[in-house]
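Both ligands and their constituent atoms are indexed starting at 1 by order of listing. Keep in mind that what you see is a predicted model, and the values were worked out from it rather than measured.
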Amino acid sequence: MTATGRTAIPFNRPHVARNELAYLREAVCGGFTCGDGPFTRRATALLKEFTRAGEALLTTSCTHALEMSALLLDLRPGDEVIMPSFTFVSTANAYALRGAVPVFVDCRPDTLNIDEQQIEGAITERTRAVVAVHYAGVACEMEIIGKICERYGLALVEDNAHGLGGFYHGRPLGSFGEMATQSFHATKNIQCGEGGALLLNDPKFIARAEIIREKGTDRSRFYRGQVDKYRWVDIGSSYLPSDVLAAQLTAQLESFDVIQRKRHAVWARYDKELAGWAEENGIRRPLVPDGCEHPAHLYYLLLPDPEHQQSFIAHLAEMGVCGSFHYQPLHAAPAGVMHGRVAPGGCPVTEHVADRLVRLPLFADLDEDEVTRVIACASAYKPSR
Ligand SMILES: *Cc1c(COP(=O)(O)O)cnc(C)c1O
């Protein structure tokens, strides 16, 4: 309960999909609880349909899918991977674990995505890959980024943790890079608590990806009857999720349209009903460029300065609404300084937005009254100027 006597509105509450409990029961009682079972196949098929990916492999997390991408690219100590500073730690960690150096590029002030104009300036003879993170599921400038990667012979990986259901000029996010990673963490649009996927759009990676996911063995081939014993054939780890989690994920993916419709309704109300207040108070709303369809993953506001970020979050909390800041710049984080390098020009825009951004609660089951309350609470806030 809050000072106003009402139950607080959480930042996130995972949706329970129509068949979720039935499928979980079926998986638990069906006798096949390890990975690569019937639900893994069903979830994978749905994921391929939504993303139009060449191949998809469920993983234990997006973090692990990113680690698999680093293994598949055969990154060596000293190799460099270009990525935004404004992203989750896993984007950088996955490559740093291989001894590669994350090279942090600033973001665009409008979409908060990697500034494609600054990528070329960050390329050296050690550069091997570019990771595009579609912040809030709003696409990076994929046409330009794709051309740069082609010109310099760099791999393109999409960290598509936010972008399932997003499009760039009609093409699904996750279908642009040689590889793309998805997250099914509890905070994402489609979730199974902890989970992820690696999308493979270049067939040359498929065979090895299966091996890396299965502890470096050819067990996937063995299951398909293509070899009579499975053996240790490469390095790898345990990146295959249980079929029980795949059951939850299958139900979630089957309810994708329902979940997305609800999330979009919340997003659209915030954007419309906060517009006047935001304008009056020098607060910026999300910007979605023409040609980008976003999946309503998050709704953020940019406050005029860092003091107002703090006081706005405190104001919301006092009124029983849980708002939150977001990514802290990786280039300035202790591990980012130790393992990474900042691109020429630094990341002033990233530092600016990290200190001003506040996310509002956004989940499928946020009901109309709760949305009304969030809007009322937010717009009762008047930044002093
Ligand atoms: C959530 C997220 C991840 C990590 O996802 P997990 O499934 O929790 O490992 C990675 N990158 C981005 C951009 C994310 O938002």
Side-chain angles (χ1 to χ4, degrees), residues 11-12 14 35 43 47 51 56-71 81-97 102 104-105 107-108 111-114 129-140 142 145 156-166 173-174 176-177 179-199 213 237-242 245-246 248-249 252-253 263 286 294-300 324-331 333 335-336 340 350 353-354 357 359 362-363:
F11 183 67
N12 178 49
L47 193 57
T51 58
L57 295 176
L58 297 192
T59 60
T60 33
S61 64
C62 181
T63 302
H64 281 165
L66 287 160
E67 286 180 24
M68 286 182 67
S69 78
L71 287 162
V81 179
I82 291 171
M83 65 183 66
S85 174
F86 193 63
T87 181
F88 191 57
V89 296
S90 295
T91 318
N93 242 329
Y95 304 101
L97 274 170
F104 300 113
V105 169
C107 63
R108 294 168 55 116
T111 57
L112 315 187
N113 283 328
I114 190 166
V130 174
V131 186
V133 182
H134 308 297
Y135 187 70
V138 174
C140 298
M142 294 314 285
I145 295 172
L156 176 57
V157 178
E158 292 172 85
D159 178 342
N160 197 33
H162 299 186
L164 184 64
L173 301 186
F176 291 88
M179 296 174 230
T181 62
Q182 302 294 152
S183 174
F184 304 118
H185 183 263
T187 51
K188 301 300 181 347
N189 289 27
I190 294 293
Q191 66 89 27
C192 62
E194 303 279 354
L198 179 66
L199 309 182
R213 187 177 65 155
S237 191
S238 185
Y239 294 133
L240 177 66
S242 149
L245 287 180
Q248 189 176 7
L249 194 58
Q252 290 259 324
L253 288 166
R263 294 187 75 104
H294 73 89
H297 173 57
L298 58 86
Y299 193 86
Y300 67 82
S324 177
F325 59 93
H326 209 186
Y327 301 133
Q328 295 307 290
L330 291 184
H331 71 279
T350 302
V353 301
L357 189 143
R359 293 173 293 161
L362 174 55
F363 48 90

Ala65 heavy atom under 4.0 Å from ligand 1 |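 Under 4.0 Å: no for Ala65.
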Is the closest heavy atom of Tyr327 to ligand 1 under 4.0 Å?
->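 Checking ligand 1 against Tyr327, which is what was asked, there is a heavy-atom contact under 4.0 Å.
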Measure the distance from atom 15 (O) of ligand 1 to every protein heavy atom, then report the residue, atom name and distance (to 0.1 Å) of the closest one.
->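 Of the protein heavy atoms, His162 NE2, 2.8 Å lies nearest.
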Tell me: protein heavy atom nearest atom 11 (N) of ligand 1, and distance?
->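 Answer, as residue, atom name and distance: Asp159 OD2, 2.8 Å.
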Sole candidate of Leu198, Thr63, Leu71 that passes side-chain contact (heavy atoms from CB on, under 4.5 Å) when paired with Tyr239 |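 The residue from Leu198, Thr63, Leu71 that satisfies side-chain contact (heavy atoms from CB on, under 4.5 Å) with Tyr239 turns out to be Leu71.
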Please examine the side chains of [Y] and [X], heavy atoms only from C-beta on, and report whether any two atoms are closer than 4.5 Å.
X	Y	value
Phe176	Ile145	no
Phe86	Val133	no
Met68	Met179	no
Arg263	His297	yes
Cys62	Asp159	yes
Met83	Phe104	yes
Leu245	Leu249	no

Looking just at side-chain N and O atoms, do Tyr327 and Ser85 make a donor-acceptor pair shorter than 3.5 Å?
->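 No, because no side-chain N or O of Tyr327 sits under 3.5 Å from a partner of the opposite role on Ser85.
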Can an N or O of [X] be found at a distance shorter than 3.5 Å from an N or O of ligand 1?
X	value
Ser90	no
Thr63	yes
His185	no
Lys188	yes

Which segment of His64 sits under 4.0 Å of ligand 1 when only heavy atoms are counted =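 No part of His64 is near ligand 1 at this cut-off.
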Which is it for Ala161 and ligand 1 at heavy atoms under 4.0 Å: side chain, backbone, both or neither?
->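 Answer for Ala161: side chain.
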Which of the atoms of ligand 1 are close to [X], meaning less than 4.0 Å from one of its heavy atoms?
X	result
Phe88	2 (C), 3 (C), 4 (C), 10 (C), 11 (N), 12 (C), 14 (C)
Val133	13 (C)
Gly195	7 (O)
Cys62	4 (C), 5 (O), 6 (P), 7 (O), 9 (O), 10 (C)
Ser61	7 (O), 9 (O)

Answer yes or no: are there more than 12 heavy-atom neighbours, outside Phe11 itself, under 6.0 Å from its atom CZ?
->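 Yes, CZ of Phe11 has more than 12 neighbouring heavy atoms, counting only those of other groups under 6.0 Å.
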